[in-house]
Amino acid sequence: MSRHEHHHEHGHDHEMSHLSAEDIRVRALESLLVDKGYVDPAALDFLIETYETKIGPHNGAKVVARAWCDPKFKAWLLTDATAAIASMGFSGRGGEHMIVLENTPEVHNVVVCTLCSCYPWPVLGLPPVWYKSAPYRSRVVIDPRSVLAEFGCQLPEHVQIKVWDSNSELRYLVLPMRPEGTTGWSETELAAIVTRDAMIGTNIVSSPAMKTDASHE
């Protein structure tokens with residue numbers, strides 16, 4: 001039984017009804033290529049499993065957490081990010097040439113790719129839709145403070161915002177400031193609070209106290 005026939009026997013129309021038109025076209029193209037033998041389903045499953053479990057923002061969060069806990073690793077990360085990140089097993093396409101940008105009380109860094117969607121795949125996975133959108137790519141270089149505010153990131157006026165343009169040869173990872181109230185936390189505990197947006201620079205890592213307060217609102 002082909003995958004196409006399988007979908008119809010189990011209510012194909014109902015299963016697809018919640019999908020967008022673009023998702024439906026992608027699935028139809030996938031089914032066609034598989035049925036004609038142009039694509040190996042096992043290869044597709046391997047790619048999906050890779051992006052779901054082996055690469056993604058959880059890798060970047062581990063890098064950030066180690067930098068927060070280990071001054072020597074942080075110094076290495078800021079001088080040779082590619083090698084430091086690779087030492088944790090995170091390397092490959094999109095991560096050949098990395099630079100880590102440290103946020104401080106005076107400087108906040110944010111990353112964009114003005115031409116397309118260049119992104120550090122080994123540490124952040126696939127880029128979010130908004131990162132690839134024309135409005136983000138054009139506006140964040142002109143008025144970053146307003147764009148960050150739309151992400152819920154309100155920065156004091158004295159904080160300088162630096163915008164970094166990623167490209168196919170050079171990718172960036174933002175090292176957020178470690179939030180207060182995390183003294184004594186393990187790397188695993190710290191990694192759990194580091195978000196993808198904080199590593200792009202469109203947000204910060206909130207302190208545990210701030211999260212507790214927000215949960216009671």
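Throughout, residue positions are numbered sequentially from 1 according to the sequence presented.
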Item to check | Thr182 side chain vs Trp185 backbone, donor-acceptor pair below 3.5 Å | outcome: no

Checklist entry - In terms of hydrophobic clustering (I, L, V, M, F, W, Y; side-chain heavy atoms under 4.5 Å; direct or indirect links), are Met177 and Ile200 co-clustered? => result no

Checklist entry - Run the side-chain contact (heavy atoms from CB on, under 4.5 Å) check on Ile204 and Cys153 step by step: do they pass? => result CA-CA 7 Å; Ile204 61 174; Cys153 182; 4.0 Å; yes

Item to check | side-chain contact (heavy atoms from CB on, under 4.5 Å) between Val159 and Val107, intermediate numbers included | outcome: CA-CA 5 Å; Val159 175; Val107 176; 5.8 Å; no

Checklist entry - Under 3.5 Å, is there a donor-acceptor pair between the side chain of Asn109 and the main chain of Val174? => result no

Checklist entry - If Ile, Leu, Val, Met, Phe, Trp and Tyr residues are connected whenever their side-chain heavy atoms lie under 4.5 Å apart, and connections chain through other members, are Val26 and Leu32 in the same group? => result no

Checklist outcome for this item: dist Leu173:CG -> Leu175:CG (nearest 0.5 Å) comes out at 7.5 Å

Checklist entry - Can you list the steps and then say if Leu190 with Cys69 is a side-chain contact (heavy atoms from CB on, under 4.5 Å)? => result CA-CA 9 Å; Leu190 290 169; Cys69 294; 3.4 Å; yes

Checklist entry - Given the rule that I, L, V, M, F, W and Y join up when any side-chain heavy atoms are under 4.5 Å apart, are Leu170 and Trp164 in one cluster? => result yes

Checklist entry - Do we see a donor-acceptor contact under 3.5 Å between the side chains of Ser133 and Arg137? => result no

Checklist outcome for this item: To the nearest 0.5 Å, atom CZ of Arg171 lies from atom SG of Cys113 at 7.5 Å

Checklist entry - Would Ile142 and Val147 satisfy side-chain contact (heavy atoms from CB on, under 4.5 Å), going step by step from the backbone distance to the final call? => result CA-CA 9 Å; Ile142 299 172; Val147 172; over 6 Å; no

Checklist entry - Atom CZ of Arg178 and atom OG1 of Thr183: how far apart are they, to the nearest 0.5 Å? => result 6.0 Å

Item to check | Ionic contact status for Lys74 with Glu102, cut-off 4.0 Å | outcome: yes

Item to check | Trp68 side chain to Pro176 backbone, donor-acceptor under 3.5 Å | outcome: yes

Checklist entry - Is there a donor-acceptor contact under 3.5 Å from the side chain of Tyr131 to the main chain of Cys118? => result yes

Checklist outcome for this item: When rounded to the nearest 0.5 Å, the distance separating CG of Leu155 from CG of Asn203 is 9.0 Å

Next on the checklist: Tell me whether Glu96 contacts the main-chain N or O of Gly94 through its side chain, where contact means a donor paired with an acceptor under 3.5 Å.
Outcome noted: yes

Checklist entry - Rounded to the nearest 0.5 Å, how far does NE2 of His108 lie from NZ of Lys162? => result 12.5 Å

Checklist entry - Heavy atoms, side chains only, cut-off 4.5 Å: are Asp165 and Val141 in contact? => result no

Item to check | Nearest non-hydrogen partners of Ser166 and Val111, listed with the distance | outcome: CB-CG1, 4.2 Å

Checklist entry - Under 3.5 Å, side chain of Arg145 to main-chain N/O of Pro156, donor-acceptor pair present? => result yes

Next on the checklist: Using side-chain heavy atoms (C-beta onward) and a distance below 4.5 Å, is Val110 in contact with Leu101?
Outcome noted: no

Next on the checklist: Can you tell me how the ring of Phe151 sits relative to the ring of Trp130, calling it parallel under 30°, perpendicular over 60° and tilted otherwise?
Outcome noted: perpendicular

Checklist entry - For Ser206 and Ile193, which heavy atoms make the closest approach, and how far apart are they? => result O-CD1, 4.5 Å

Checklist entry - So, do Met88 and Phe73 sit near enough that their side-chain heavy atoms are less than 4.5 Å apart? => result yes

Item to check | Side chain Thr202, main chain Leu148, donor-acceptor under 3.5 Å | outcome: no

Checklist entry - Looking only at atom types and distance, does a side-chain atom of Glu189 sit under 3.5 Å from a main-chain N or O of Ser186, one as donor and one as acceptor? => result yes

Checklist entry - Going by heavy atoms in the side chains, are Met199 and Val194 under 4.5 Å from each other? => result yes

Checklist outcome for this item: Heavy atoms of Ala191 and Ala65 approach each other most closely as N-CB, 3.7 Å

Next on the checklist: What I'd like to find out is whether the side chain of Val163 reaches to under 4.5 Å of the side chain of Val112, using heavy atoms alone.
Outcome noted: yes

Checklist entry - Applying the 4.5 Å side-chain criterion to the ILVMFWY set and letting contacts propagate, would Tyr172 and Leu115 be lumped into a single cluster? => result no

Checklist entry - Ignoring hydrogens and geometry, is there a side-chain-to-backbone donor-acceptor pair from Arg25 to Leu29 under 3.5 Å? => result no

Checklist outcome for this item: In terms of heavy-atom contacts, Pro127 and Ser117 come closest through CG-O, 4.2 Å

Next on the checklist: To the nearest 0.5 Å, what is the distance between CG on Asn167 and NE2 on His97?
Outcome noted: 10.0 Å

Checklist entry - For the residue pair Pro179 and Ser207, what are the closest heavy atoms and their distance? => result CB-CA, 3.5 Å

Checklist entry - Do the side chains of Tyr119 and Val129 join up, straight or via other hydrophobic residues, at under 4.5 Å, putting them in one cluster? => result no

